[in-house]
Amino acid sequence: MIRSEQETIRLSSLQQIRDLGIDPYPADEFIISHRSKDLAENFKIDKEVTMAGRLMSRRIMGKASFAELKDSEGTFQLYINRDEICPDEDKTLYNTVFKKLLDRGDFIGIKGKTFLTKVGEPSVKVSDITILAKTIRPLPAVKTDEEGKVHDAFVDPELRYRMRYVDLAVNDHVKDTFVARSKIIKAIRDNFNSQGWLEVDTPVLQNIPGGAAARPFTTHHNALDIPLYLRIANELYLKKLVVGGFEGVYEFSRNFRNEGMDRTHNPEFTVLELYVAYKDYKWMMGAMENLIGDVCKAVHGKTKATLAGTEIDFTPPFARVTMRDAILEHTGLDIDQHDEDRLRVECEKLGINNDSSMGRGKLIDELFGEKCEGNYIQPTFITDYPIDMSPLTKAHRDKPGYTERFELLINGTEVANAYSELNDPIDQKERFESQLALAERGDDEAMFIDQDFLRALEFGMPPTAGVGIGIDRLVMMLTDQTSIQEVLFFPQMRPESN
RNA sequence: GACCCGGUAGCUCAGUUGGUUAGAGCAUCUCACUUUUAAUGAGAGGGUCCUGGGUUCGAGUCCCAGCCGGGUCACCA
(Lines give C-alpha, C1' and ligand atoms only; values in the text may rest on other atoms or scores of the structure.)
Protein backbone atom coordinates (compact mmCIF):
# COMPACT_ATOMS: atom_id res chain seq x y z
CA MET A 1 0.00 0.00 0.00
CA ILE A 2 1.34 3.38 -1.01
CA ARG A 3 1.22 5.91 1.81
CA SER A 4 1.33 9.65 1.41
CA GLU A 5 4.02 11.66 3.14
CA GLN A 6 1.61 12.78 5.85
CA GLU A 7 0.44 9.23 6.49
CA THR A 8 4.00 7.95 6.69
CA ILE A 9 4.82 10.60 9.27
CA ARG A 10 1.74 9.73 11.31
CA LEU A 11 2.59 6.03 11.22
CA SER A 12 6.03 6.88 12.51
CA SER A 13 4.49 9.06 15.24
CA LEU A 14 2.26 6.14 16.18
CA GLN A 15 5.31 3.93 16.66
CA GLN A 16 7.08 6.60 18.69
CA ILE A 17 4.03 6.90 20.95
CA ARG A 18 4.22 3.14 21.53
CA ASP A 19 7.97 3.41 22.12
CA LEU A 20 7.25 5.92 24.90
CA GLY A 21 5.11 3.27 26.58
CA ILE A 22 1.85 5.03 25.70
CA ASP A 23 -1.03 3.00 24.28
CA PRO A 24 -2.35 4.95 21.27
CA TYR A 25 -5.62 2.99 21.39
CA PRO A 26 -6.35 2.50 25.09
CA ALA A 27 -9.26 0.33 26.20
CA ASP A 28 -10.03 2.25 29.39
CA GLU A 29 -13.27 4.17 29.71
CA PHE A 30 -12.65 7.90 29.59
CA ILE A 31 -15.13 9.69 31.79
CA ILE A 32 -16.37 12.99 30.35
CA SER A 33 -17.70 15.64 32.71
CA HIS A 34 -18.60 18.23 30.08
CA ARG A 35 -19.22 18.69 26.38
CA SER A 36 -18.40 21.81 24.42
CA LYS A 37 -21.77 23.41 23.78
CA ASP A 38 -23.16 22.85 27.24
CA LEU A 39 -19.93 24.09 28.82
CA ALA A 40 -19.98 27.26 26.71
CA GLU A 41 -23.64 27.98 27.42
CA ASN A 42 -23.23 27.57 31.17
CA PHE A 43 -19.72 28.91 31.35
CA LYS A 44 -18.13 29.62 34.72
CA ILE A 45 -14.46 30.03 35.40
CA ASP A 46 -12.45 27.71 37.63
CA LYS A 47 -14.60 24.70 36.85
CA GLU A 48 -12.79 21.34 36.86
CA VAL A 49 -13.63 19.53 33.62
CA THR A 50 -12.75 16.42 31.67
CA MET A 51 -13.54 16.46 27.97
CA ALA A 52 -12.86 14.26 24.96
CA GLY A 53 -12.90 14.67 21.22
CA ARG A 54 -10.82 15.30 18.15
CA LEU A 55 -7.91 17.68 18.24
CA MET A 56 -8.88 19.92 15.31
CA SER A 57 -6.13 22.53 15.27
CA ARG A 58 -3.08 23.62 17.24
CA ARG A 59 -1.51 27.03 17.52
CA ILE A 60 1.84 26.37 19.09
CA MET A 61 3.74 29.32 20.53
CA GLY A 62 6.77 27.82 22.14
CA LYS A 63 6.04 26.83 25.69
CA ALA A 64 2.30 27.44 25.41
CA SER A 65 -0.29 26.46 22.83
CA PHE A 66 -3.90 26.83 21.95
CA ALA A 67 -5.87 23.99 20.43
CA GLU A 68 -9.42 23.25 19.33
CA LEU A 69 -11.13 20.19 20.75
CA LYS A 70 -14.15 19.02 18.79
CA ASP A 71 -16.76 16.80 20.38
CA SER A 72 -20.26 15.81 19.34
CA GLU A 73 -21.61 19.25 20.30
CA GLY A 74 -19.03 21.56 18.79
CA THR A 75 -15.56 22.85 19.53
CA PHE A 76 -13.95 24.25 22.62
CA GLN A 77 -10.62 26.00 23.02
CA LEU A 78 -7.85 24.40 25.01
CA TYR A 79 -4.88 26.26 26.47
CA ILE A 80 -1.93 24.00 26.94
CA ASN A 81 1.01 25.30 28.92
CA ARG A 82 4.20 23.25 29.08
CA ASP A 83 4.76 23.70 32.79
CA GLU A 84 1.12 23.08 33.63
CA ILE A 85 0.98 19.68 31.98
CA CYS A 86 4.60 18.87 32.87
CA PRO A 87 5.19 20.24 36.37
CA ASP A 88 8.30 18.08 36.84
CA GLU A 89 11.64 18.01 35.01
CA ASP A 90 10.30 15.66 32.34
CA LYS A 91 8.75 17.79 29.61
CA THR A 92 8.08 14.87 27.23
CA LEU A 93 4.28 15.12 27.33
CA TYR A 94 4.40 18.68 26.03
CA ASN A 95 7.55 18.82 23.93
CA THR A 96 7.28 15.41 22.31
CA VAL A 97 3.79 13.99 22.66
CA PHE A 98 1.71 17.14 22.24
CA LYS A 99 3.94 19.16 19.92
CA LYS A 100 5.40 16.38 17.75
CA LEU A 101 3.37 13.21 17.93
CA LEU A 102 -0.21 14.44 18.02
CA ASP A 103 -1.90 15.47 14.79
CA ARG A 104 -5.07 17.11 13.68
CA GLY A 105 -7.90 14.60 13.99
CA ASP A 106 -6.46 12.58 16.87
CA PHE A 107 -8.89 11.70 19.63
CA ILE A 108 -7.69 12.94 22.98
CA GLY A 109 -9.09 13.31 26.45
CA ILE A 110 -8.17 16.28 28.60
CA LYS A 111 -8.46 17.33 32.20
CA GLY A 112 -8.32 20.98 33.21
CA LYS A 113 -9.89 24.08 34.61
CA THR A 114 -12.00 26.66 32.80
CA PHE A 115 -10.82 30.25 32.40
CA LEU A 116 -11.16 33.24 30.10
CA THR A 117 -8.26 34.30 27.90
CA LYS A 118 -7.11 37.90 27.55
CA VAL A 119 -9.52 38.41 24.68
CA GLY A 120 -12.35 36.75 26.56
CA GLU A 121 -12.50 33.35 24.87
CA PRO A 122 -13.83 30.63 27.17
CA SER A 123 -11.07 28.05 27.42
CA VAL A 124 -9.81 25.11 29.42
CA LYS A 125 -6.34 25.30 30.95
CA VAL A 126 -5.24 21.74 30.43
CA SER A 127 -3.47 19.87 33.21
CA ASP A 128 -3.39 16.44 31.58
CA ILE A 129 -3.75 14.95 28.11
CA THR A 130 -4.64 11.34 27.29
CA ILE A 131 -4.37 9.92 23.80
CA LEU A 132 -7.61 8.08 23.05
CA ALA A 133 -7.10 7.17 19.40
CA LYS A 134 -4.35 8.07 16.96
CA THR A 135 -5.33 8.84 13.38
CA ILE A 136 -3.29 7.78 10.38
CA ARG A 137 -4.97 9.82 7.66
CA PRO A 138 -5.14 13.61 7.75
CA LEU A 139 -8.58 15.20 7.83
CA PRO A 140 -9.20 17.95 5.29
CA ALA A 141 -8.13 21.24 6.87
CA VAL A 142 -11.34 23.22 6.71
CA LYS A 143 -10.94 26.66 8.25
CA THR A 144 -13.37 29.46 8.92
CA ASP A 145 -12.10 33.03 9.00
CA GLU A 146 -13.26 36.04 11.01
CA GLU A 147 -15.99 36.84 8.51
CA GLY A 148 -17.30 33.30 8.74
CA LYS A 149 -15.97 32.48 5.29
CA VAL A 150 -15.00 28.84 4.88
CA HIS A 151 -11.62 28.07 3.34
CA ASP A 152 -10.54 24.80 1.77
CA ALA A 153 -14.00 23.36 2.32
CA PHE A 154 -14.32 19.63 1.77
CA VAL A 155 -16.88 19.85 -1.00
CA ASP A 156 -16.24 17.25 -3.72
CA PRO A 157 -19.56 15.34 -3.73
CA GLU A 158 -17.92 12.09 -4.69
CA LEU A 159 -15.46 12.20 -1.80
CA ARG A 160 -18.11 13.47 0.59
CA TYR A 161 -20.55 10.63 -0.14
CA ARG A 162 -17.96 7.88 -0.34
CA MET A 163 -16.30 9.01 2.88
CA ARG A 164 -19.27 10.37 4.77
CA TYR A 165 -17.34 9.92 8.03
CA VAL A 166 -14.90 12.56 6.84
CA ASP A 167 -17.72 14.78 5.61
CA LEU A 168 -19.41 14.59 9.01
CA ALA A 169 -16.17 15.13 10.87
CA VAL A 170 -15.32 18.37 9.11
CA ASN A 171 -18.61 19.79 7.78
CA ASP A 172 -20.82 20.77 10.69
CA HIS A 173 -23.79 21.69 8.50
CA VAL A 174 -23.92 18.11 7.19
CA LYS A 175 -24.32 16.82 10.70
CA ASP A 176 -27.13 19.34 11.23
CA THR A 177 -29.08 17.86 8.32
CA PHE A 178 -28.95 14.39 9.81
CA VAL A 179 -29.82 15.63 13.28
CA ALA A 180 -32.87 17.25 11.67
CA ARG A 181 -33.70 13.95 9.99
CA SER A 182 -33.64 12.20 13.32
CA LYS A 183 -35.84 14.91 14.88
CA ILE A 184 -38.35 14.54 12.05
CA ILE A 185 -38.61 10.80 12.57
CA LYS A 186 -38.93 11.23 16.32
CA ALA A 187 -41.65 13.88 15.89
CA ILE A 188 -43.64 11.52 13.67
CA ARG A 189 -43.25 8.64 16.11
CA ASP A 190 -44.30 10.84 19.03
CA ASN A 191 -47.32 12.14 17.11
CA PHE A 192 -48.46 8.62 16.13
CA ASN A 193 -47.72 6.95 19.46
CA SER A 194 -49.66 9.61 21.32
CA GLN A 195 -52.72 8.60 19.29
CA GLY A 196 -52.27 4.99 20.27
CA TRP A 197 -51.11 3.73 16.89
CA LEU A 198 -48.77 0.79 16.83
CA GLU A 199 -45.36 0.72 15.20
CA VAL A 200 -44.90 -2.62 13.46
CA ASP A 201 -42.40 -4.55 11.34
CA THR A 202 -43.39 -6.43 8.23
CA PRO A 203 -41.32 -8.52 5.81
CA VAL A 204 -38.63 -6.94 3.68
CA LEU A 205 -38.21 -10.19 1.77
CA GLN A 206 -41.44 -10.86 -0.05
CA ASN A 207 -42.74 -13.60 -2.33
CA ILE A 208 -44.74 -11.11 -4.34
CA PRO A 209 -43.55 -7.51 -4.45
CA GLY A 210 -46.89 -5.79 -3.95
CA GLY A 211 -48.39 -2.49 -2.95
CA ALA A 212 -46.79 -0.40 -5.66
CA ALA A 213 -45.92 -0.42 -9.32
CA ALA A 214 -42.15 -0.69 -9.59
CA ARG A 215 -39.34 -2.96 -10.67
CA PRO A 216 -38.09 -4.96 -7.68
CA PHE A 217 -34.68 -6.28 -6.73
CA THR A 218 -34.73 -10.06 -6.85
CA THR A 219 -32.84 -12.54 -4.77
CA HIS A 220 -32.99 -16.25 -4.01
CA HIS A 221 -33.59 -18.19 -0.85
CA ASN A 222 -31.42 -21.27 -0.86
CA ALA A 223 -33.18 -23.45 1.71
CA LEU A 224 -36.62 -22.92 0.20
CA ASP A 225 -35.18 -22.72 -3.31
CA ILE A 226 -37.52 -19.90 -4.25
CA PRO A 227 -37.08 -16.41 -5.64
CA LEU A 228 -37.65 -13.60 -3.18
CA TYR A 229 -38.05 -9.90 -3.78
CA LEU A 230 -36.94 -6.95 -1.70
CA ARG A 231 -40.05 -5.01 -0.87
CA ILE A 232 -41.13 -2.12 -3.09
CA ALA A 233 -43.80 -1.22 -0.52
CA ASN A 234 -45.30 -2.61 2.67
CA GLU A 235 -48.86 -1.50 2.02
CA LEU A 236 -50.50 -4.90 1.62
CA TYR A 237 -48.95 -6.28 4.80
CA LEU A 238 -50.11 -3.33 6.88
CA LYS A 239 -53.64 -3.72 5.56
CA LYS A 240 -53.53 -7.39 6.52
CA LEU A 241 -52.80 -6.19 10.05
CA VAL A 242 -55.87 -3.96 9.92
CA VAL A 243 -57.86 -7.05 8.86
CA GLY A 244 -56.38 -8.70 11.94
CA GLY A 245 -57.85 -6.05 14.19
CA PHE A 246 -55.27 -3.33 14.73
CA GLU A 247 -56.95 0.06 14.37
CA GLY A 248 -53.80 2.07 13.76
CA VAL A 249 -50.52 0.67 12.45
CA TYR A 250 -47.49 2.33 10.99
CA GLU A 251 -44.03 1.35 9.81
CA PHE A 252 -40.98 3.20 8.64
CA SER A 253 -40.39 0.99 5.64
CA ARG A 254 -37.10 0.80 3.82
CA ASN A 255 -38.22 0.15 0.25
CA PHE A 256 -36.10 -0.99 -2.67
CA ARG A 257 -36.71 -0.23 -6.31
CA ASN A 258 -34.49 -1.35 -9.14
CA GLU A 259 -34.82 1.82 -11.15
CA GLY A 260 -32.92 4.94 -12.10
CA MET A 261 -31.14 7.20 -9.66
CA ASP A 262 -31.24 10.97 -9.61
CA ARG A 263 -31.72 13.95 -7.34
CA THR A 264 -34.92 12.53 -5.89
CA HIS A 265 -34.41 8.78 -6.25
CA ASN A 266 -32.12 6.35 -4.45
CA PRO A 267 -32.47 2.56 -4.93
CA GLU A 268 -33.33 2.21 -1.26
CA PHE A 269 -35.43 4.82 0.43
CA THR A 270 -37.71 5.21 3.40
CA VAL A 271 -41.46 5.48 3.29
CA LEU A 272 -43.61 5.92 6.33
CA GLU A 273 -46.89 4.11 5.90
CA LEU A 274 -49.82 4.60 8.24
CA TYR A 275 -53.23 2.89 8.24
CA VAL A 276 -56.06 3.95 10.50
CA ALA A 277 -59.34 2.05 10.62
CA TYR A 278 -62.75 3.73 10.35
CA LYS A 279 -61.22 6.86 8.74
CA ASP A 280 -61.28 8.18 5.18
CA TYR A 281 -58.97 10.25 3.00
CA LYS A 282 -60.60 13.53 4.04
CA TRP A 283 -59.73 12.80 7.63
CA MET A 284 -56.23 11.86 6.51
CA MET A 285 -55.67 15.30 4.95
CA GLY A 286 -56.27 16.88 8.34
CA ALA A 287 -54.03 14.34 10.02
CA MET A 288 -51.25 15.11 7.53
CA GLU A 289 -51.57 18.87 8.02
CA ASN A 290 -51.23 18.47 11.75
CA LEU A 291 -48.40 16.00 11.45
CA ILE A 292 -46.33 18.04 9.03
CA GLY A 293 -46.94 21.22 10.97
CA ASP A 294 -45.67 19.40 14.10
CA VAL A 295 -42.68 18.01 12.27
CA CYS A 296 -41.73 21.42 10.91
CA LYS A 297 -41.96 22.87 14.40
CA ALA A 298 -39.72 20.11 15.72
CA VAL A 299 -37.03 21.15 13.26
CA HIS A 300 -37.48 24.92 12.96
CA GLY A 301 -39.51 25.87 16.00
CA LYS A 302 -42.24 27.25 13.72
CA THR A 303 -44.40 26.07 10.84
CA LYS A 304 -42.41 27.83 8.13
CA ALA A 305 -39.20 26.75 6.42
CA THR A 306 -37.01 28.05 3.65
CA LEU A 307 -36.46 25.81 0.64
CA ALA A 308 -34.32 26.84 -2.34
CA GLY A 309 -34.79 30.51 -1.43
CA THR A 310 -38.57 30.29 -1.11
CA GLU A 311 -40.42 30.29 2.16
CA ILE A 312 -42.63 27.25 2.47
CA ASP A 313 -45.55 27.66 4.82
CA PHE A 314 -46.51 24.42 6.54
CA THR A 315 -49.19 26.05 8.66
CA PRO A 316 -52.48 24.13 8.26
CA PRO A 317 -54.67 24.05 6.32
CA PHE A 318 -52.95 23.28 2.99
CA ALA A 319 -54.46 24.09 -0.39
CA ARG A 320 -56.71 21.42 -1.88
CA VAL A 321 -57.13 21.07 -5.63
CA THR A 322 -58.78 18.24 -7.51
CA MET A 323 -56.74 16.67 -10.27
CA ARG A 324 -59.39 17.69 -12.80
CA ASP A 325 -59.21 21.34 -11.68
CA ALA A 326 -55.39 21.27 -11.67
CA ILE A 327 -55.30 20.09 -15.27
CA LEU A 328 -58.04 22.51 -16.26
CA GLU A 329 -56.12 25.39 -14.71
CA HIS A 330 -52.75 24.60 -16.25
CA THR A 331 -53.77 23.27 -19.66
CA GLY A 332 -57.32 24.51 -20.21
CA LEU A 333 -58.30 20.89 -20.75
CA ASP A 334 -61.33 19.43 -18.97
CA ILE A 335 -60.56 15.73 -18.70
CA ASP A 336 -64.20 14.97 -17.91
CA GLN A 337 -65.13 16.06 -21.44
CA HIS A 338 -62.77 13.57 -23.14
CA ASP A 339 -62.66 9.82 -23.52
CA GLU A 340 -59.38 7.95 -23.90
CA ASP A 341 -59.01 8.49 -27.65
CA ARG A 342 -59.80 12.19 -27.57
CA LEU A 343 -57.55 12.63 -24.55
CA ARG A 344 -54.73 11.05 -26.51
CA VAL A 345 -55.26 13.57 -29.29
CA GLU A 346 -55.20 16.43 -26.78
CA CYS A 347 -51.99 15.08 -25.21
CA GLU A 348 -50.47 14.92 -28.64
CA LYS A 349 -51.32 18.61 -29.14
CA LEU A 350 -49.68 19.49 -25.85
CA GLY A 351 -46.51 17.66 -26.81
CA ILE A 352 -46.90 14.88 -24.27
CA ASN A 353 -45.44 11.66 -25.54
CA ASN A 354 -47.85 8.78 -25.42
CA ASP A 355 -48.36 5.36 -26.88
CA SER A 356 -51.07 2.78 -27.23
CA SER A 357 -50.10 1.01 -24.00
CA MET A 358 -51.22 4.06 -22.06
CA GLY A 359 -54.77 3.96 -20.76
CA ARG A 360 -56.90 6.97 -19.93
CA GLY A 361 -55.60 7.13 -16.36
CA LYS A 362 -52.00 6.98 -17.47
CA LEU A 363 -52.61 9.80 -19.97
CA ILE A 364 -54.13 11.95 -17.23
CA ASP A 365 -51.21 11.10 -14.98
CA GLU A 366 -48.77 12.21 -17.70
CA LEU A 367 -50.77 15.38 -18.27
CA PHE A 368 -50.60 16.20 -14.60
CA GLY A 369 -46.94 15.22 -14.22
CA GLU A 370 -45.83 17.23 -17.23
CA LYS A 371 -47.99 20.33 -17.02
CA CYS A 372 -49.13 20.74 -13.42
CA GLU A 373 -47.00 19.08 -10.78
CA GLY A 374 -44.11 21.52 -10.89
CA ASN A 375 -46.39 24.48 -10.15
CA TYR A 376 -47.27 23.41 -6.63
CA ILE A 377 -44.52 24.88 -4.49
CA GLN A 378 -46.49 25.47 -1.30
CA PRO A 379 -47.94 22.32 0.32
CA THR A 380 -50.95 21.31 -1.74
CA PHE A 381 -53.23 18.28 -1.69
CA ILE A 382 -54.08 17.10 -5.17
CA THR A 383 -57.22 15.04 -4.81
CA ASP A 384 -59.43 12.57 -6.69
CA TYR A 385 -57.24 10.53 -9.03
CA PRO A 386 -58.57 8.55 -12.00
CA ILE A 387 -59.51 5.03 -11.08
CA ASP A 388 -57.21 3.10 -13.39
CA MET A 389 -54.10 4.68 -11.87
CA SER A 390 -55.13 3.73 -8.37
CA PRO A 391 -55.77 0.00 -8.15
CA LEU A 392 -55.72 -0.14 -4.33
CA THR A 393 -57.99 2.86 -3.78
CA LYS A 394 -61.68 2.97 -2.99
CA ALA A 395 -63.85 4.32 -5.81
CA HIS A 396 -64.96 7.90 -5.15
CA ARG A 397 -68.19 8.08 -3.15
CA ASP A 398 -69.84 10.45 -5.68
CA LYS A 399 -67.57 10.93 -8.70
CA PRO A 400 -67.68 7.94 -11.05
CA GLY A 401 -64.31 7.12 -12.62
CA TYR A 402 -62.37 8.68 -9.77
CA THR A 403 -60.95 7.45 -6.50
CA GLU A 404 -60.68 8.83 -3.01
CA ARG A 405 -57.02 9.60 -3.21
CA PHE A 406 -54.72 12.54 -2.66
CA GLU A 407 -51.07 13.29 -3.06
CA LEU A 408 -49.29 15.98 -1.09
CA LEU A 409 -47.03 18.11 -3.28
CA ILE A 410 -44.33 20.36 -1.88
CA ASN A 411 -41.92 22.23 -4.11
CA GLY A 412 -43.39 20.44 -7.13
CA THR A 413 -42.49 17.05 -5.72
CA GLU A 414 -44.70 14.27 -4.41
CA VAL A 415 -44.12 13.85 -0.70
CA ALA A 416 -47.14 11.82 0.38
CA ASN A 417 -49.78 9.63 -1.23
CA ALA A 418 -52.94 8.66 0.57
CA TYR A 419 -56.34 7.14 0.05
CA SER A 420 -59.48 5.67 1.40
CA GLU A 421 -58.34 2.07 1.14
CA LEU A 422 -60.22 -0.24 -1.15
CA ASN A 423 -61.78 -2.86 1.12
CA ASP A 424 -64.28 -4.42 -1.28
CA PRO A 425 -62.65 -7.77 -2.13
CA ILE A 426 -64.62 -8.24 -5.33
CA ASP A 427 -63.72 -4.75 -6.59
CA GLN A 428 -60.11 -5.31 -5.55
CA LYS A 429 -59.95 -8.55 -7.54
CA GLU A 430 -61.31 -6.78 -10.61
CA ARG A 431 -58.81 -3.96 -10.22
CA PHE A 432 -55.95 -6.44 -10.10
CA GLU A 433 -57.32 -8.09 -13.20
CA SER A 434 -57.45 -4.82 -15.09
CA GLN A 435 -53.84 -4.24 -14.01
CA LEU A 436 -53.08 -7.59 -15.60
CA ALA A 437 -54.79 -6.39 -18.76
CA LEU A 438 -52.66 -3.25 -18.73
CA ALA A 439 -49.57 -5.39 -18.35
CA GLU A 440 -50.61 -7.44 -21.35
CA ARG A 441 -51.10 -4.20 -23.24
CA GLY A 442 -47.44 -3.40 -22.54
CA ASP A 443 -47.49 -1.42 -19.29
CA ASP A 444 -44.50 -2.83 -17.44
CA GLU A 445 -45.46 -0.95 -14.27
CA ALA A 446 -48.72 -2.78 -13.74
CA MET A 447 -49.13 -4.49 -10.39
CA PHE A 448 -48.69 -8.11 -9.47
CA ILE A 449 -51.72 -9.96 -8.10
CA ASP A 450 -51.41 -10.95 -4.46
CA GLN A 451 -53.89 -13.76 -3.80
CA ASP A 452 -53.22 -13.78 -0.07
CA PHE A 453 -54.12 -10.10 0.10
CA LEU A 454 -57.38 -10.79 -1.69
CA ARG A 455 -58.10 -13.63 0.74
CA ALA A 456 -57.42 -11.27 3.66
CA LEU A 457 -59.90 -8.73 2.27
CA GLU A 458 -62.49 -11.46 1.98
CA PHE A 459 -62.19 -11.93 5.75
CA GLY A 460 -63.19 -8.28 5.99
CA MET A 461 -61.25 -5.05 6.37
CA PRO A 462 -62.93 -2.08 8.01
CA PRO A 463 -63.04 1.20 6.10
CA THR A 464 -59.50 2.50 6.45
CA ALA A 465 -57.48 5.54 5.54
CA GLY A 466 -53.86 4.97 4.55
CA VAL A 467 -50.91 7.16 3.69
CA GLY A 468 -47.34 6.78 2.55
CA ILE A 469 -44.90 9.59 3.18
CA GLY A 470 -41.54 9.74 1.44
CA ILE A 471 -39.37 10.40 4.44
CA ASP A 472 -36.25 11.23 2.47
CA ARG A 473 -38.13 13.80 0.43
CA LEU A 474 -39.84 15.23 3.49
CA VAL A 475 -36.43 15.64 5.11
CA MET A 476 -35.22 17.41 1.96
CA MET A 477 -38.15 19.83 2.11
CA LEU A 478 -37.46 20.64 5.75
CA THR A 479 -33.67 20.92 5.56
CA ASP A 480 -33.40 23.00 2.38
CA GLN A 481 -31.70 20.23 0.42
CA THR A 482 -32.31 19.61 -3.27
CA SER A 483 -30.59 16.23 -3.54
CA ILE A 484 -31.64 13.00 -1.83
CA GLN A 485 -27.98 12.18 -1.39
CA GLU A 486 -27.73 14.99 1.14
CA VAL A 487 -30.30 13.38 3.41
CA LEU A 488 -29.01 9.79 3.21
CA PHE A 489 -25.84 9.01 5.14
CA PHE A 490 -24.62 6.57 2.52
CA PRO A 491 -26.30 7.18 -0.85
CA GLN A 492 -25.82 4.45 -3.41
CA MET A 493 -22.61 4.89 -5.41
CA ARG A 494 -20.87 2.84 -8.03
CA PRO A 495 -18.16 0.84 -6.25
CA GLU A 496 -14.69 2.33 -6.22
CA SER A 497 -12.56 0.55 -8.80
CA ASN A 498 -9.19 0.46 -7.00
C1' G B 1 -29.52 5.39 -21.39
C1' A B 2 -28.43 10.51 -24.15
C1' C B 3 -26.09 15.17 -23.83
C1' C B 4 -23.07 18.86 -21.14
C1' C B 5 -19.28 19.78 -17.34
C1' G B 6 -15.41 18.02 -14.25
C1' G B 7 -11.14 14.59 -12.34
C1' U B 8 -3.73 18.23 -11.27
C1' A B 9 -0.17 17.61 -3.81
C1' G B 10 -3.80 15.48 2.25
C1' C B 11 -7.84 19.75 1.09
C1' U B 12 -9.31 23.94 -2.19
C1' C B 13 -7.71 25.40 -6.82
C1' A B 14 -4.32 27.89 -11.01
C1' G B 15 -1.80 25.95 -15.21
C1' U B 16 -1.67 30.82 -21.48
C1' U B 17 -1.04 28.59 -28.52
C1' G B 18 1.34 22.01 -27.17
C1' G B 19 7.47 23.98 -25.13
C1' U B 20 12.91 24.01 -19.59
C1' U B 21 12.68 20.71 -13.65
C1' A B 22 3.98 21.20 -13.14
C1' G B 23 2.50 25.98 -9.41
C1' A B 24 -0.29 28.74 -5.15
C1' G B 25 -2.84 28.92 -0.35
C1' C B 26 -3.91 25.84 3.60
C1' A B 27 -2.03 21.15 5.58
C1' U B 28 2.92 18.44 6.55
C1' C B 29 8.28 18.64 8.21
C1' U B 30 12.54 21.74 10.67
C1' C B 31 13.64 26.14 13.73
C1' A B 32 11.89 30.38 16.82
C1' C B 33 7.99 32.02 20.02
C1' U B 34 4.18 31.42 27.58
C1' U B 35 -3.06 34.23 26.21
C1' U B 36 -3.51 32.75 20.38
C1' U B 37 -7.82 32.15 17.30
C1' A B 38 -7.62 31.49 9.24
C1' A B 39 -1.70 32.74 15.25
C1' U B 40 3.01 34.70 13.38
C1' G B 41 8.18 34.71 11.28
C1' A B 42 12.20 31.90 8.67
C1' G B 43 13.35 27.55 5.90
C1' A B 44 12.24 22.54 3.60
C1' G B 45 9.85 18.39 1.53
C1' G B 46 5.61 16.49 -0.97
C1' G B 47 2.73 14.72 -7.75
C1' U B 48 0.19 7.52 -11.05
C1' C B 49 -1.64 15.60 -13.72
C1' C B 50 -8.22 9.50 -13.34
C1' U B 51 -6.67 5.00 -16.69
C1' G B 52 -5.07 3.10 -21.50
C1' G B 53 -3.93 4.10 -26.42
C1' G B 54 -2.76 7.79 -30.37
C1' U B 55 -0.83 12.45 -32.85
C1' U B 56 3.86 15.15 -32.15
C1' C B 57 10.78 16.45 -31.85
C1' G B 58 7.82 17.41 -27.35
C1' A B 59 1.19 16.22 -24.16
C1' G B 60 -1.47 18.22 -17.63
C1' U B 61 -2.82 20.74 -22.36
C1' C B 62 -4.80 18.00 -28.76
C1' C B 63 -7.49 13.18 -30.59
C1' C B 64 -9.82 8.20 -29.47
C1' A B 65 -11.56 4.63 -25.93
C1' G B 66 -12.62 3.61 -20.93
C1' C B 67 -13.39 4.59 -15.44
C1' C B 68 -15.57 7.76 -11.61
C1' G B 69 -18.51 11.93 -10.20
C1' G B 70 -21.85 16.24 -10.92
C1' G B 71 -25.75 18.60 -13.84
C1' U B 72 -29.80 18.41 -17.55
C1' C B 73 -33.12 15.22 -19.93
C1' A B 74 -35.34 10.36 -20.52
C1' C B 75 -36.93 6.21 -17.48
C1' C B 76 -39.10 5.52 -12.67
C1' A B 77 -45.78 7.24 -9.20
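Proteins come first, then strands; the chains are lettered A, B, ... in the order of their sequence lines, and each starts at number 1.
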Tell me whether the OP1 or OP2 atom of B:U34 has a side-chain N or O from A:Arg82 closer than 4.0 Å. no

Ring centers of A:Phe115, A:Tyr79 separated by less than 6.0 Å: yes

What do you reckon, are the aromatic ring centroids of A:Phe489 and A:Phe178 less than 6.0 Å apart? yes

Mind checking A:Arg162 for me? I need base, sugar-phosphate or nothing, with any heavy atom below 4.0 Å counting as a touch. sugar-phosphate

Please name the nucleotide paired to B:U20 by Watson-Crick or G-U wobble geometry with both distances under 3.5 Å, or report none. none

Interatomic distance at P, B:U37 relative to B:C31, whole Å: 23 Å

In whole Å, what is the span from the NZ atom of A:Lys143 to the C1' atom of B:A39? 9 Å

Give none if B:U61 has no partner; otherwise give the nucleotide forming a Watson-Crick or G-U wobble pair with it, both distances under 3.5 Å. none

Nearest-Å distance, CG (A:Asp145) to C1' (B:U12)? 14 Å

Quick check on the 6.0 Å ring-centre criterion: do A:Phe43 and A:His34 meet it? no

Would you measure the distance from the C1' atom in B:U28 across to the matching atom in B:G46 and give it in whole Å? 8 Å

In the structure shown, which nucleotide is the Watson-Crick or G-U wobble counterpart of B:U30, with both distances under 3.5 Å? B:A42

Integer-rounded Å distance: B:G7 C1' and A:Met493 CE: 13 Å

Kindly indicate, with the supporting measurements, whether the criterion salt bridge (charged side-chain N to carboxylate O under 4.0 Å, His left out) is fulfilled by A:Asp167 and A:Arg164. CA-CA 5 Å; A:Asp167 190 27; A:Arg164 184 67 93 180; 2.8 Å; yes

Just to be sure I understand the rule, does A:Asp365 reach a base, reach only the sugar-phosphate, or reach nothing, if contact means heavy atoms closer than 4.0 Å? nothing

Looking at every strand, decide which applies to A:Val155 at a 4.0 Å heavy-atom threshold: base, sugar-phosphate, or nothing. sugar-phosphate

Report which part of the nucleic acid A:Arg263 touches: base, sugar-phosphate, or nothing (heavy-atom distance under 4.0 Å, all strands). sugar-phosphate

Any strand: nucleotide that pairs with B:C73 via Watson-Crick or wobble, under 3.5 Å: B:G1

B:G47 - base-pair partner by Watson-Crick or wobble geometry, distances under 3.5 Å: none

Might you point out which heavy atoms bring A:Cys86 and A:Leu93 nearest each other, and give the distance in Å? SG-CB, 3.8 Å

Using the P atoms only, state how far B:G47 lies from B:G10, rounded to an integer number of Å. 8 Å

To the nearest angstrom, how far is A:His151 atom NE2 from B:G10 atom C1'? 19 Å

So, A:Tyr376 and A:Gln378: side-chain donor and acceptor under 3.5 Å apart, yes or no? no

B:U40 and B:A27, which share atom name P, separated by this distance in whole Å: 8 Å

In whole angstrom, give me the gap between the C1' atoms of B:U51 and B:G43. 38 Å

For nucleotides B:C49 and B:A22, find the distance between their P atoms and express it as a whole number of Å. 11 Å

Just checking A:Lys99: base, sugar-phosphate only, or nothing, at a heavy-atom cut-off of under 4.0 Å? nothing

On a whole-Å scale, what distance lies between the P atoms belonging to B:U30 and B:G19? 38 Å

Starting at atom CD of A:Gln6, determine the distance to atom P of B:C11, rounded to an integer number of angstrom. 9 Å

Comparing nearest nucleotides in RNA chain B, the 5'-proximal residue of the pair A:Glu370, A:Arg494 is A:Arg494

Look through every strand shown and name the nucleotide pairing with B:G6 as Watson-Crick or G-U wobble, where both distances are under 3.5 Å. B:C68

